[in-house]
Protein chains: 2
Amino acid sequence: MTGRPRAFDFDEALERAMRVFWRHGYEGTALSDLTAAMGVNRPSLYAAYGNKEALFLRCLERYHRGPARHAREALAEPTARAVAEHLLRGTVEVVTREEGPGCLLVHGALATGPGAEGVRAESAARRAAHREALRARFEQAALAGEFPPGTDPGVLADHLAALTYGLAVQATEGAPPDRLHLIAAHALRGWPH
Amino acid sequence: MTGRPRAFDFDEALERAMRVFWRHGYEGTALSDLTAAMGVNRPSLYAAYGNKEALFLRCLERYHRGPARHAREALAEPTARAVAEHLLRGTVEVVTREEGPGCLLVHGALATGPGAEGVRAESAARRAAHREALRARFEQAALAGEFPPGTDPGVLADHLAALTYGLAVQATEGAPPDRLHLIAAHALRGWPH
DNA sequence: CGATTTCCGTACCGATCGATATGGTAGCGT
DNA sequence: ACGCTACCATATCGATCGGTACGGAAATCG
């Protein structure tokens, strides 16, 4: 029943796997890269996490609750403008980390071959889910009268999300945080009021 | 000296290769996918284009002069505002094509494994070069007094570029053109004046 | 027509891909 | 101390990766 316990830390190994995917994307990461970074042998990896795809999906979930936490927390800000500020500022912080520039949700599996349709679709679905949450939050703000008449909360959410994706793309090229912060600040200057 | 001529059209085969890369990215595309789509045998492909990496770089060049032509042409517009309009409108058109949603320059090689560093770097360099051209154009517009004082043309260019990248990302998820056009229109509403 | 040059098609190369079979053993419960 | 269980390590699986060697055929030249 209760045999030998595993010799590695499940969560810590998952964290390391996430960083490898974060750097090189799903298809750019080989299993040997993962085992080397995680300090886990191949059969142990399969026993603990399933397979490469399942491991990536677990990493997405971990990313969601870890580095991308700001995206959820931003929704709790009192005003739509504060939501946008929080989201943009947090995004810049995350995508310019030295360990892995960019956003796992954006470039982890943006365009893939036929063998990675699943992870691509799941990544896209998570991005869409966040945009939807953002839209709902702005819908609420619209009811509270925070926007001038004629403002579409859905468009606002899509626009803001597009901006965060663009920040992530530029971060992968090594754009420094202050430059991305300037973009974010400039975008906020055009916020509806 | 002059032997048997090749049995396929060089440019047309290149066009087809570009579309495959466009859909699946560099690492998501196998050589067998390319030969199948191009109607060219493997040795002929190597004889004509070099190798996979060289073929991709040729596709980038073709993309630059074909589908992404609007990005250059936009710079010729008389005002900065018209440049932005042209660029955004053209971007939406290109990234929502049915044959291959998204932008080859963005998701062709955004995050890669160690075997694709070259194509990743070249893609990033091309994006950066376009941003630089955009910055220079806005610099010129600033001298012409098109912006209110305190406006940084470089930030403006980065902001606009980030938006186009974000449009490309959302397009890969199947966002319809009209939705992206709404984002673009909304962004233009915040243009400095 | 013959000679030469280049291309096409098959078949194959070593390397690496993701995923496993197998045996030895460390650890827990009794 | 013993037996059972589950983990670790090596070695390997078939498939596919990008890239080529080689022989036969097609087209242009003299």
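Note that the structure is a prediction, hence the values are computed from the model and not measured. Values below: all heavy atoms of this structure, side chains included; hydrogens, waters and symmetry mates excluded. The chains referred to below are lettered A, B, ... by the order of the sequence lines, with proteins before strands, and numbering in each begins at 1.
For dG18(D), neither phosphate oxygen OP1 nor OP2 lies less than 4.0 angstrom from any side-chain nitrogen or oxygen of Asn51(B). In this model, the phosphate group of dC17(D) is approached by a side-chain N or O of Ser32(B) to a distance below 4.0 Å at OP1 or OP2. For Ser44(A) and dC7(D), the shortest distance from a side-chain N or O to OP1 or OP2 is not below 4.0 Å.
Here the C1' atom of nucleotide dG3(D) and the CZ atom of Arg4(A) are 17 Å apart, to the nearest Å. Atom CG in Leu31(A) sits roughly 19 Å away from atom P in dT12(D) (whole-Å rounding). Between the CZ atom of Arg42(A) and the P atom of dC7(D) there is a distance of 19 Å, rounded to whole Å. The CG-P distance, from Leu45(A) to dA6(D), rounds to 19 Å in whole Å. The nearest whole Å value for the distance from the CD atom in Glu27(B) to the P atom in dT16(D) is 19 Å. In this structure, Tyr46(A) atom OH and dC13(D) atom P are separated by 17 Å, rounded to whole Å. As a whole-Å value, the separation of Lys52(A) NZ from dC17(C) P is 9 Å. Across the protein-nucleic acid pair, Tyr49(A) atom OH and dT20(C) atom P stand 17 Å apart, rounded to whole Å.
For Tyr63(A), the ring pair (Phe, Tyr, Trp, His ring centres under 6.0 Å) partners two or more places apart in sequence, or in a different chain, are Trp22(A).
Using a distance-only test at 3.5 Å, with no hydrogens or angles considered, no donor-acceptor pair links the side chain of Arg81(B) to the main chain of His193(B). The closest donor-acceptor contact from the side chain of Glu99(B) to the backbone of Arg19(B) lies at 3.5 Å or more, if one exists at all. Side chain of Arg127(A) to main chain of Leu105(A): a donor-acceptor pair is present (N/O by atom type, distance under 3.5 Å, no hydrogens or angles).
Using a 4.0 Å heavy-atom criterion, one finds that Ala7(B) contacts the sugar-phosphate atoms exclusively.
Taking every side-chain heavy atom of Phe8(B) into account, dC8(C) is the closest of dA19(C), dC8(C), dG27(C).
Relative ring orientation between Trp191(B) and Phe138(B) is described as perpendicular, the plane-to-plane angle rising above 60° on a 0-90° scale split at 30° and 60°.
Comparing Pro43(A) and Thr29(A) against DNA chain C, the residue whose closest nucleotide sits nearer the 5' end is Thr29(A).
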